[in-house]
Amino acid sequence: MKSDDPLLKILACPIDKGPLTLLDSGDALYNPRLKRRYPIVDGIPQLLPTSGEPDSE
């Protein structure tokens with residue numbers, strides 16, 4: 001997934017329904033409000049509440 005992908009405008013966190021940002025590495029989406037990362041596997045964002053990982057950043 002690239003930072004200019006139009007899909008990013010409609011993707012939302014499955015927990016708080018807020019917007020997500022693509023991490024610089026391009027391998028995960030990030031929710032800064034909850035400090036959770038959602039991995040992108042084979043180009044597909046894993047947006048189940050259980051797939052989110054706490055982020056220590």
Side-chain angles (χ1 to χ4, degrees):
M1 182 171 279
K2 297 180 182 177
S3 61
D4 61 346
D5 193 324
L7 186 60
L8 283 174
K9 292 182 181 181
I10 61 171
L11 292 177
C13 175
I15 298 173
D16 74 357
K17 311 299 187 241
L20 298 167
T21 58
L22 183 65
L23 293 180
D24 290 336
S25 60
D27 65 347
L29 294 169
Y30 182 65
N31 179 335
R33 297 165 307 284
L34 299 178
K35 295 185 168 81
R36 293 184 68 82
R37 315 173 68 244
Y38 295 93
I40 299 173
V41 179
D42 294 328
I44 301 170
Q46 306 299 305
L47 293 176
L48 294 172
T50 57
S51 65
E53 307 162 344
D55 192 30
S56 61
E57 289 182 15

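All heavy atoms count here, side chains included; hydrogens, waters and symmetry mates do not. In this chain, numbering begins with 1 at the start of the sequence shown.
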Can you name the closest pair of heavy atoms from [X] and [Y] and give their distance?
X	Y	result
A28	R37	CB-NH2, 3.4 Å
R33	P19	NH2-O, 3.0 Å
I15	P49	CG1-CB, 4.2 Å
G52	R36	O-NH2, 2.6 Å
L11	P45	CD1-CG, 3.9 Å

Worksheet item: Would L47 and I10 show up in the same hydrophobic cluster when neighbours are defined by side-chain heavy atoms closer than 4.5 Å?
Response: yes

Item to complete: Look only at the side chain of N31 and the backbone of L34, and say whether a donor-acceptor pair between them is shorter than 3.5 Å.
Response: yes

Discussion item. Determine whether a donor-acceptor pair (N or O, by modelled atom type, separation under 3.5 Å) exists between the side chain of Q46 and the backbone of I44.
Written reply: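 Confirmed, Q46 side chain pairs with I44 backbone.
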
Discussion item. Do D27 and P39 make a side-chain contact, defined as non-hydrogen atoms from C-beta onward lying under 4.5 Å apart?
Written reply: no

Worksheet item: Can you find a pair of side-chain heavy atoms, one from Y38 and one from L20, that are under 4.5 Å apart?
Response: yes

Worksheet item: Stepwise, does the side chain to side chain contact (heavy atoms under 4.5 Å, CB included) test hold for L29 with L22?
Response: CA-CA 5 Å; L29 294 169; L22 183 65; 3.9 Å; yes

